[in-house]
Amino acid sequence: MVSPILELKDINKSFGHVHANKNINLQINKGTIHGIIGENGAGKSTLMSIVFGLYQTDSGTIKINGKEIKLKSPRDSILSGIGMVHQHFMLVENFSVLENIILGFEGELVFGKNLEKAKKDLKNLCDTYKLNIDLESTISDLSVGFRQRVEILKSLYRGAEILILDEPTGVLTPQEVDELFKILRSLKEEGKTIVLITHKLNEIMDLTSEVSVMRQGEMVGHKKTESTNKEDLAEMMVGRSVLLRINKSATKPGNAVFSVRDLVVKDDLDVTRVKNVNLDIHEGEILGLAGVTGNGQTELLEALSGIRKIESGKIQLFNETISNKNNFFDPKLLKEKGLAHVPEDRQRMGLVTDFKAYENLIFGYHHQEPFSKSSVLKEKEILSFSKKVMEEYDVRPRSPNLITSNFSGGNQQKIILSRELNENPKVLLVGQPTRGVDIGAIEFIHQRLIDMRDKGAAILLVSVELEEVLSLSDRIVVMFDGNIVGEKINKDVTDRELGLLMAGVA
Amino acid sequence: MDNLADIASLLNSTFRISTPLVFAAMAGLFAERSGVIDFGLEGKMLAAAFVAAVGSYFFGSPWMGLLLAILACVSLSMLHGFASVTHKGDQVVSCVAINILMIGLTTALAAAWFGQAGLTPTLTSDQRFLEITLPFADALQDVPIIGLIYSDIISGHYIFVYIAYLSVPIVFWIVFKTSFGLRLRAVGENPSAVDTAGINVFSMRYKALMVNGVLIAFAGAHLSTAVNANFFREMSAGRGYLALAALIFGKWHPKTALIACLLFGFTDALQIRLQGVELPMIGTIPVQLIQAIPYILTVVLLAGFVGKAIAPNAIGQPYIKER
């Protein structure tokens, strides 16, 4: 008989009008890997933040090992044996690994004996779980995968018996994911309990023995992983059946309409981030650009869309040079030539989040008819246009007057897409189209991109989600350290091969 | 030997002039390392100078004046914390408010209590701190080199001068060798990391501001109860801002901030000495230009001449839990 190590009963939590957790019940058994799955905004992170003591419940009880406890702060939770690896790492970047780990648990006023003991204990922990971390290295020098290990080590050092991981694989390469899963399995072997929060169904099937599904703040079901499948879970998450793999016809690519030759681009700190890149994008194809975050994709996309100066090389649109060393077309001119851009960072670049939805729906096109005449905005036309496209793109809620930041991530993305796709661009540059977007909206966005392709648009899809690149692209290139390190036709490639390219190994 | 004596006296004044800068820079270091901008060093220094002078005058003891100055500055720091840490107000605005309030309040109170706008009564010698002659200073006076360094440069300062330079290694030790220092640095870099480590972000920032209040009080007391024997209007004369500049120029590090303070002090000492001196080839430099040297230096240095100063990551941002 397995005993529950963590029991939640009738947990409620509201933020203003948002009821983030409604009567949540959950039992997590000792020594298991328990998945919690749900769309963005389903309340998973809120629930786990409650368990970690970051938020306090409005009502409900929490039991650990059968004993009811109050968790008023993270300290209470840590002392009760709960550790959490947050989606955004809670590390001080210019501190060493050691400093980050002992922070708050120094055990002495002036560093001395306990520090030495901590070093020894940490080395032992590293050996036990094969974490392979150098305690003296500075966090900012470590890769994302290693930073995550530091977080795990930190929790273990603080005595965690239950380890909560919030979307741990979002920023990892497939190889790093494998490493992480190995570590998690060995933790389980040692009797630790792991709670895995994710929206990726593969991970649930791979790793967990039990899974709980959340939807809109409610717990909609608990399953044994072996007695369920991805389709069932997806349906429970979304509340209707979903297509996990997009249907798309074979492609008939036409002429290369957008080409990049010997492109070199530097970032704001004068570091060369794009090194000699060559690309061709054809009419009627989706070219997927895969790669781990920070390998130059951002700078490449910015250069291609006319918002970043290039060092050398040239970019051509319909055989006209739109960017070279001395001169580049600005985004306005590029728009007129038929190029549209869905930026990677939708809240910083794609939208003015403090503005109303209808304003964001026309930005960049606001000076054109019918939205304005003689430099005066025509509100009636804008509003009727907004209502029309919000309907067409299923933006919820359909309120053009709502402030944009009040829409969910997926709906914000649909606002950008409806703006950019409405003009039927001939070339479309898309960065991370579904980052932070929930499954239902992902399906919708993917379908729209395929439709654009079928209409003959040339599309460049930059994404760190390998699954997305694989399911949409006709051709895939991989970027590593500023170079294109491989080009594959989608149907002949495995994610394993791409993973090796992304890690710069192959 | 005349030149050597000149240099000795120049260095002697450098140490004296840098003293309030050093206190203020160390005070600012605590606040800013914890993530709270302290633009209010100027106002607090002014408040301390006023309270120290008034306290010494009424209680007849400079120590009493110093104690009251500490209380006043800690209160002002707490006010800054209340506005910008607890209520998440704009930190710069809160500081500017303190600075402006202190200029007006000190002038008005001086007028109300002593009938003279912005001036407190002159303190007698037992109401103020006096210069300390270190042991053997007189005996060593005539020994070459050593006498010059020990008797003419090191000896004969006010107590605050010694405390100020002693405070730098202590601050270094606290910031880099204790758990308080670790938490202090962490809270200014990534408060979320501190919160999830089970430490209260707000109480850490208040503690830092408390230390800040104590240190800045010494700077003010030095001005009105040591180098001067009374308080006069706006006597801090931009030293708080200069110290903040030194802190930034010193990249929020006690050692380099000290060097920056000494550099500013040195240019100030130099400008005093250069006034009216005829330089070969150039002739007499106008006084106004000479007096502007420290400020010109500040602008040049801060304009990126010394490379990019990287501030604590979370500086100026009130801590709000994610939601």
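All values reported here derive from a predicted model rather than from experimental measurement.
- No donor-acceptor distance shorter than 3.5 angstrom exists from the side chain of A:Glu299 to the backbone of A:Arg273, with no hydrogens or angles considered.
- The part of A:Phe52 that comes within reach of chain B is its side chain, from C-beta onward, which places non-hydrogen atoms under 4.5 angstrom from that chain.
- Under the 4.5 Å side-chain criterion, counting only non-hydrogen atoms from C-beta, B:Ser84 is not in contact with B:Asp90.
- At a heavy-atom cut-off of under 4.5 Å, chain B is reached by A:Glu99, A:Ile102, A:Leu103, A:Gly104, A:Phe105, A:Glu106, A:Glu108, A:Leu109, A:Val110, A:Phe111 from residues 97-123 of chain A, listed in order of number.
- Per-residue heavy-atom pair counts under 4.5 Å with chain B were compared for A:Ser73, A:Ser49, A:Ser45, A:Pro74, and the maximum is reached by A:Pro74.
- Checked for salt-bridge contact, B:Lys44 and B:Asp38 meet the test: a charged N lies under 4.0 Å from a carboxylate O.
- Within residues 166-176 of chain B, the residues having any heavy atom less than 4.5 Å from a heavy atom of chain A are, in residue-number order, B:Trp173, B:Phe176.
- Each of A:Arg75, A:Met84, A:Lys154, A:Glu93 has some count of heavy-atom pairs under 4.5 Å with chain B, and the biggest count is that of A:Arg75.
- Salt bridge B:Arg239/B:Glu42: absent, no basic N to carboxylate O contact under 4.0 Å.
- Within the 3.5 Å criterion, the main-chain N or O of B:Gly250 finds a donor-acceptor partner in the side chain of B:Thr256.
- Between the side chain of A:Arg158 and the backbone N or O of A:Gly83, no donor-acceptor pair lies under 3.5 Å.
- No more than 12 heavy-atom neighbours from other residues, nucleotides or ligands sit within 6.0 angstrom of CD on A:Gln216.
- In this structure, the side chain of A:Thr57 does not engage the main chain of A:Ile11 through any donor-acceptor pair within 3.5 Å.
- No donor-acceptor pair closer than 3.5 Å links the side chain of A:Gln87 to the backbone N or O of A:Glu167.
- Between A:Ser137 and A:Leu142, the closest side-chain pair of non-hydrogen atoms falls below 4.5 Å.
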Yes or no on side-chain hydrogen bond (donor to acceptor under 3.5 Å, both in side chains) for B:Ser94 and B:His80, after CA distance, side-chain angles and deciding distance? CA-CA 6 Å; B:Ser94 154; B:His80 181 38; 2.6 Å; yes
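- Heavy atoms closer than 4.5 Å to chain B are found in both the backbone and the side chain of A:Leu54.
- A donor-acceptor pair under 3.5 Å is absent between the side-chain atoms of A:Thr169 and the main chain of A:Leu172, judged by distance alone.
- Panel note: side chain A:Gln148, backbone A:Pro168; a donor-acceptor pair is recorded below 3.5 Å.
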Determine, step by step, whether A:Ser59 and A:Asn12 satisfy the side-chain hydrogen bond (donor to acceptor under 3.5 Å, both in side chains) criterion, reporting the C-alpha distance in whole Å, the side-chain angles of both residues, the deciding distance to 0.1 Å, and the verdict. CA-CA 5 Å; A:Ser59 66; A:Asn12 276 289; 3.3 Å; yes
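- Neither the backbone nor the side chain of A:Asp76 comes within less than 4.5 Å of any heavy atom in chain B.
- For B:Tyr165, there are no side-chain hydrogen bond (donor to acceptor under 3.5 Å, both in side chains) partners, not counting sequence neighbours.
- Close approach to chain A, defined as a heavy atom under 4.5 Å from one of its heavy atoms, is seen in B:Ala193, B:Val194, B:Asp195, B:Thr196, B:Ala197, B:Gly198, B:Ile199 of residues 193-214 of chain B, taken by number.
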